[in-house]
Peer 1: 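Have a look at this one.
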Amino acid sequence: MFKRKLDEGNAGEDIACRYLTNKGYKIITRNFRIRGGEIDIIAVDGDTLAFVEVKTRTSKQFGTGLEAIGFWKIKALIKTAQIYKATHMNLPEAMRIDAVVVMLNKFNEIDSIELVKNIS
């Protein structure tokens, strides 16, 4: 078991990066933070700039990873994405917010990975 939620989250982000790379995404940045917001992964998918929220779970006791991405989280992601885009000019104009949900089993092995494009 992971000792802390932070370890679990970092492991989930590492898994998500490998998964997205295998899907053809080009990872640009991880853990972009501003006051009031954070984006786990920023990547280019074809001609689209993708801002990816990663949720890692070891059970569905408190709901699915997608259920944890509510209105206020999406609002913060949009604001943070707009700021990132405004300060990084040489990137695709098209933008979207994606989510990757990583489920780990009791042995901390990947049980499932789900990619949902354009969650906003």
Side-chain angles (χ1 to χ4, degrees):
M1 283 265 189
F2 289 103
K3 294 177 183 165
R4 299 179 304 172
K5 290 300 254 179
L6 182 60
D7 292 339
E8 181 182 304
N10 288 336
E13 287 178 19
D14 291 342
I15 292 165
C17 280
R18 287 192 300 273
Y19 179 77
L20 292 171
T21 299
N22 289 337
K23 291 275 189 191
Y25 283 61
K26 181 182 176 220
I27 307 300
I28 296 173
T29 265
R30 289 180 62 176
N31 300 310
F32 175 74
R33 288 181 176 90
I34 62 167
R35 186 171 153 182
E38 176 194 1
I39 298 174
D40 296 325
I41 300 169
I42 301 172
V44 174
D45 179 31
D47 61 353
T48 302
L49 186 58
F51 300 92
V52 184
E53 175 68 10
V54 179
K55 292 294 181 187
T56 307
R57 296 286 184 264
T58 54
S59 79
K60 294 182 181 176
Q61 181 178 359
F62 299 107
T64 68
L66 281 179
E67 291 172 337
I69 306 171
F71 173 81
W72 294 109
K73 180 62 177 179
I74 290 173
K75 187 172 179 172
L77 287 167
I78 290 169
K79 175 187 168 194
T80 307
Q82 290 170 335
I83 290 170
Y84 183 87
K85 179 63 175 122
T87 58
H88 297 79
M89 299 298 184
N90 296 326
L91 294 170
E93 288 300 314
M95 299 185 296
R96 71 170 186 255
I97 297 175
D98 295 351
V100 173
V101 178
V102 178
M103 282 295 300
L104 301 175
N105 64 24
K106 64 182 178 179
F107 304 106
N108 295 321
E109 300 166 335
I110 301 167
D111 192 38
S112 67
I113 300 176
E114 180 183 9
L115 167 63
V116 180
K117 294 185 177 186
N118 202 24
I119 63 169
S120 57

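All residue numbers refer to positions in the sequence shown, counting from 1. Owing to the predicted nature of the structure, the values given are computational and were not obtained by experimental measurement.
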Peer 1: Are the side chains of Glu38 and Asn31 in touch, meaning some heavy atoms are under 4.5 Å apart?
Peer 2: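 Yes, side chains in contact.
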Peer 1: Which heavy atom of Ala76 sits nearest a heavy atom of Gly36, and at what distance?
Peer 2: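 Heavy atoms of Ala76 and Gly36 come nearest at CB-O, 3.8 Å.
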Peer 1: Is it possible for you to say whether Val52 and Ile34 belong to one hydrophobic cluster, with membership spreading through side-chain heavy-atom contacts below 4.5 Å?
Peer 2: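 In one cluster with Val52: Ile34, no.
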Peer 1: What's the separation between atom CD1 in Ile15 and atom CG in Leu104, rounded to the nearest 0.5 Å?
Peer 2: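 The distance works out to 5.0 Å.
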Peer 1: Drop me the distance from Asn118's CG to Ile97's CD1, to the nearest 0.5 angstrom.
Peer 2: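 Result: 8.5 Å between the selected atoms.
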Peer 1: Can you tell me if Thr80 uses its side chain to pair, donor with acceptor, with the backbone of Leu77 under 3.5 Å?
Peer 2: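 Not at all, since once roles are kept as given, no pair shorter than 3.5 Å links the two residues.
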Peer 1: Give the minimum heavy-atom separation between Ala16 and Val54, together with the two atoms involved.
Peer 2: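 Looks like CB-CG2, 3.8 Å.
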Peer 1: How long is the straight-line distance from CZ of Phe107 back to OG1 of Thr58, given to the nearest 0.5 Å?
Peer 2: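 It comes to 13.5 Å.
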Peer 1: Linking I/L/V/M/F/W/Y whenever their side-chain heavy atoms sit closer than 4.5 Å, directly or via other members, would Tyr19 and Val101 fall into one cluster?
Peer 2: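 Shared cluster, no.
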Peer 1: Backbone N or O of Ala50 within a donor-acceptor pair of the Asp98 side chain at under 3.5 Å?
Peer 2: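 Checked: no pair found.
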Peer 1: If you compare all heavy atoms of Arg57 against all heavy atoms of Ala68, which two are closest, and at what distance to 0.1 Å?
Peer 2: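 Closest heavy-atom pair between Arg57 and Ala68: NH2-CB, 3.1 Å.
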Peer 1: Is there a side-chain contact between Tyr25 and Ile42, using heavy atoms and a 4.5 Å cut-off?
Peer 2: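 Sidechains of Ile42 and Tyr25: no contact.
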Peer 1: Is there a donor-acceptor pair closer than 3.5 Å between any side-chain N or O of Lys85 and the backbone N or O of Leu91?
Peer 2: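 Yes, Lys85 side chain to Leu91 backbone: donor-acceptor pair under 3.5 Å.
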Peer 1: Applying side-chain contact (heavy atoms from CB on, under 4.5 Å), run through Leu66 and Val116 and close with a yes or a no.
Peer 2: CA-CA 9 Å; Leu66 281 179; Val116 180; 3.7 Å; yes
Peer 1: Check whether any side-chain heavy atom of Ile113 sits under 4.5 Å from a side-chain heavy atom of Val100, and report yes or no.
Peer 2: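 They are in side-chain contact.
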Peer 1: Given Ile39 and Thr29, is the side-chain contact (heavy atoms from CB on, under 4.5 Å) satisfied, shown in steps?
Peer 2: CA-CA 9 Å; Ile39 298 174; Thr29 265; over 6 Å; no
Peer 1: Please report the interatomic distance CE(Met103) to CG(Asn105), rounded to the nearest 0.5 Å.
Peer 2: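 That separation rounds to 9.0 Å.
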Peer 1: How far does CG of Asp111 sit from OG of Ser59, to the nearest 0.5 angstrom?
Peer 2: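 Taking CG in Asp111 and OG in Ser59, the distance rounds to 11.5 Å.
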Peer 1: Take Ile78 and Ser120, measure what side-chain contact (heavy atoms from CB on, under 4.5 Å) needs, and give me the verdict at the end.
Peer 2: CA-CA 8 Å; Ile78 290 169; Ser120 57; 4.3 Å; yes
Peer 1: Just verifying a value: how many Å separate Glu13 CD and Arg18 CZ, rounded to the nearest 0.5 Å?
Peer 2: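 One finds 12.0 Å between CD of Glu13 and CZ of Arg18.
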Peer 1: Short question: side chain of Thr64, backbone of Glu67 - any donor-acceptor pair under 3.5 Å?
Peer 2: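 It does hold such a pair.
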Peer 1: Verify salt bridge (charged side-chain N to carboxylate O under 4.0 Å, His left out) between Asp45 and Lys23, making sure each step is shown before the conclusion.
Peer 2: CA-CA 9 Å; Asp45 179 31; Lys23 291 275 189 191; over 6 Å; no
Peer 1: Which heavy atom in Thr56 sits nearest to a heavy atom in Gly12, and how many Å separate them?
Peer 2: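 What the structure gives for the nearest pair is OG1-CA, 3.1 Å.
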Peer 1: Go through the steps for Ile69 and Lys55 under the test side-chain contact (heavy atoms from CB on, under 4.5 Å), then give the verdict.
Peer 2: CA-CA 9 Å; Ile69 306 171; Lys55 292 294 181 187; 3.9 Å; yes
Peer 1: Let me check something: do Leu20 and Ile28 share a hydrophobic cluster, defined by ILVMFWY side-chain heavy atoms less than 4.5 Å apart, either directly or through other members?
Peer 2: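 Shared cluster, no.
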Peer 1: Would Phe32 end up clustered with Ile41 when hydrophobic side chains under 4.5 Å apart are linked, directly or stepwise?
Peer 2: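 As far as the 4.5 Å side-chain criterion goes, Ile41 and Phe32 are not connected within one cluster.
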